[in-house]
Amino acid sequence: MSAETTTPANDAVSAYDVDHPAPVIEAPRARTRKTPKTTRTNFEMYGWLFMRLSGIVLVVLVLGHLLIQLVLDGGVTKIGFAFVAGRWASPFWQAWDLIMLWLATLHGANGLRTIINDYAERDNTRLWLKGLLYTAAGFTIVLGTLVIFTFDPNIR
Amino acid sequence: MSTPTLEKQDQAPEPADATAAHTITVTFRIRRFNPEVAAESYWEDFQLDIDPKERVLDGLHKIKWDHDGTLTFRRSCAHGICGSDAMRINGRNRLACKTLIKDINPEKPITVEAIKGLTVLKDLVVDMDPFFQAYRDVMPFLITTGNEPTRERLQTAEDRERFDDTTKCILCAACTSSCPVFWNDGQYFGPAAIVNAHRFIFDSRDEGGEQRLEILNDRDGVWRCRTTFNCTDACPRGIEVTKAIQEVKRALITRRF
């Protein structure tokens, strides 16, 4: 619908009349017979809960990570292969980075899934965007986990 | 409400233009749509001389009765109880019958349009079917088991207080049609349906709470709520809608853990 502050031009003969009304704008994603039935799973609830809990943990993990990497001990200039190798020699930092990787990726992916559900109107758009999102998130998690566990400081 | 008439009687000897003195000129900018004439909607301005203490609905009546009889809008009781005349006034969902003209800056044009997220059928009239479908889905009636008692079902004042806020709903759709999630996804139940489910879930006499929670636990249920608080701002009855939705969420979580 346009939003001009004018009345429609009366000189042109209208294409619509009582027997042939203009099409009205349907509500997006109205419920039809093809709409999937209720799932009766708790997926959405666990998703919602995960966002809250992972958010709390991520505040500590990410802020701590940024502090260590960018502020303490000379800031960003200290980061090099040796620095990373030294940190990952300790299982504590391995676990820190692993948990941060998983929580951040899943938290972000779930947030984007919500946004796609909200704003991608057509079923096909939604399918493709979500497919892309899940592929990217899965790839990030797999690659990151692989690196953390198979990291070899003596690589040459 | 009776005092103004008494005051007017004191001033009665004054001529008729004394009453005209406290009317002001207000521009109503109304979004018109008639599918039998054009596919596009357009804004139409109406100049009215009206008492600023009158309501927007009185202005719409004036337009319909004296200026343009084709203006179409819903209203039944015209006193804020039936919930027929929810519309978007100056960009906010309100009941036209509860909005005084003096409260919404009559110096500027007052924009009036249909509520969003529902199909506009004509001018300010929308198709309320999806809204009431969501309402029906949450089973807004008393569900009990066993024999019917011979006398009324009693409950304590505290038990009644638990869901008092959500009994005030008049199903005007101001909250649901202010919800950005509902604008984008007509399958979301919407605040009004959740409020009316809340009214029965937290009623100590009702035994269908588990079923209703199961319905609202679904994809299109309470978890789609983004706590935008648009619904709480829009509710003409002052129901804390977002709080009610959060209470349903909490009930769903405490049911599991």
Side-chain angles (χ1 to χ4, degrees), chain A residues 1-53 55 110-111 113-123 125-126 130, chain B residues 27 29-45 68 109 111 113-114 116-122 125-127 129-131 133-134 137 177 180-189 213-226 249 252-253 255-257:
Chain A
M1 287 190 213
S2 76
E4 285 118 44
T5 325
T6 52
T7 49
N10 286 327
D11 48 339
V13 178
S14 172
Y16 306 103
D17 58 31
V18 180
D19 297 320
H20 306 94
V24 290
I25 298 171
E26 297 293 333
R29 274 194 265 168
R31 199 176 308 174
T32 60
R33 222 164 277 170
K34 278 197 276 178
T35 303
K37 285 278 181 296
T38 54
T39 49
R40 297 187 65 92
T41 62
N42 288 313
F43 179 76
E44 291 293 338
M45 184 188 77
Y46 288 123
W48 186 88
L49 208 58
F50 170 78
M51 292 305 267
R52 268 79 201 157
L53 299 177
N110 194 33
R113 181 185 72 91
T114 311
I115 292 170
I116 292 171
N117 276 340
D118 275 356
Y119 291 108
E121 210 173 279
R122 283 198 309 240
D123 286 348
T125 322
R126 214 157 51 238
K130 278 200 217 168
Chain B
T27 306
R29 182 163 291 168
I30 299 175
R31 190 172 203 164
R32 307 290 307 269
F33 170 65
N34 184 354
E36 292 173 1
V37 174
E40 303 284 293
S41 68
Y42 60 96
W43 293 93
E44 189 171 1
D45 283 8
D68 185 352
T111 63
E113 56 191 309
K116 291 175 78 171
L118 296 161
T119 302
V120 180
L121 299 178
K122 189 182 178 187
V125 174
V126 297
D127 179 10
D129 273 358
F131 174 79
Q133 184 55 54
D137 283 348
S177 62
V181 180
F182 184 78
W183 293 340
N184 286 304
D185 186 354
Q187 290 175 39
Y188 173 49
F189 282 110
L213 284 173
E214 198 57 59
I215 292 165
L216 292 178
N217 194 26
D218 195 40
R219 259 194 329 271
D220 306 311
V222 286
W223 305 115
R224 299 221 61 186
C225 168
R226 274 317 93 72
K249 284 183 189 170
L252 275 165
I253 287 179
R255 184 176 74 135
R256 278 284 170 274
F257 300 102

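Fair warning: this is a prediction, and the values are worked out from it, not measured in the lab. Chain letters run A, B, ... following the sequence lines, proteins first and then strands; every chain starts at 1.
- Contact annotation for A/Asp19: neither backbone nor side-chain heavy atoms come within less than 4.5 Å of a heavy atom of chain B.
- Contact count against chain A (heavy-atom pairs under 4.5 Å) is highest for B/Gln187 among B/Glu214, B/Gln187, B/Arg32.
- When all heavy atoms of B/Leu252 and A/Met45 are compared, the closest pair comes out as O-SD, 3.6 Å.
- Legend: salt bridge (charged side-chain N to carboxylate O under 4.0 Å, His left out) pairs involving residues 215-226 of chain B, not counting sequence neighbours, sorted by first then second residue: A/Asp118-B/Arg224, A/Asp118-B/Arg226, B/Asp185-B/Arg224.
- Here B/Pro35 is the residue among B/Pro35, B/Pro180, B/Gly186, B/Gly117 with the most heavy-atom pairs under 4.5 Å with chain A.
- Taking chain A as the reference chain and counting heavy-atom pairs below 4.5 Å, the highest number among B/Asp127, B/Val222, B/Asp137, B/Val181 is found for B/Asp137.
- Between the OH atom in A/Tyr16 and the CG atom in B/Asn34 there is a gap of 12.0 Å [rounded to 0.5 Å].
- One distance of note links OG1 of A/Thr114 with CH2 of B/Trp223; it measures 12.5 Å at 0.5 Å rounding.
- Residues A/Val24 and B/Phe33 are in side-chain contact: their nearest non-hydrogen atoms beyond the backbone lie under 4.5 Å apart.
- In this structure, chain B has no heavy atom under 4.5 Å from any part of A/Phe43.
- Between B/Thr119 and A/Glu26, the closest heavy-atom pair is OG1-CA, 3.6 Å.
- Shown here is A/Tyr119, whose OH atom has no more than 12 heavy atoms of other residues, nucleotides or ligands within 6.0 Å.
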CA sep, side-chain torsions, deciding dist, call: B/Val120, A/Ile25, side-chain contact (heavy atoms from CB on, under 4.5 Å): CA-CA 7 Å; B/Val120 180; A/Ile25 298 171; over 6 Å; no
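- Only the side chain of B/Lys249 has a heavy atom closer than 4.5 Å to any heavy atom of chain A.
- Closest of all the heavy-atom pairs between A/Ala22 and B/Ala39 is CB-CA, 3.5 Å.
- Within 6.0 Å of atom CZ in A/Arg122, 12 or fewer heavy atoms from other residues, nucleotides or ligands are found, so the atom counts as exposed in its surroundings.
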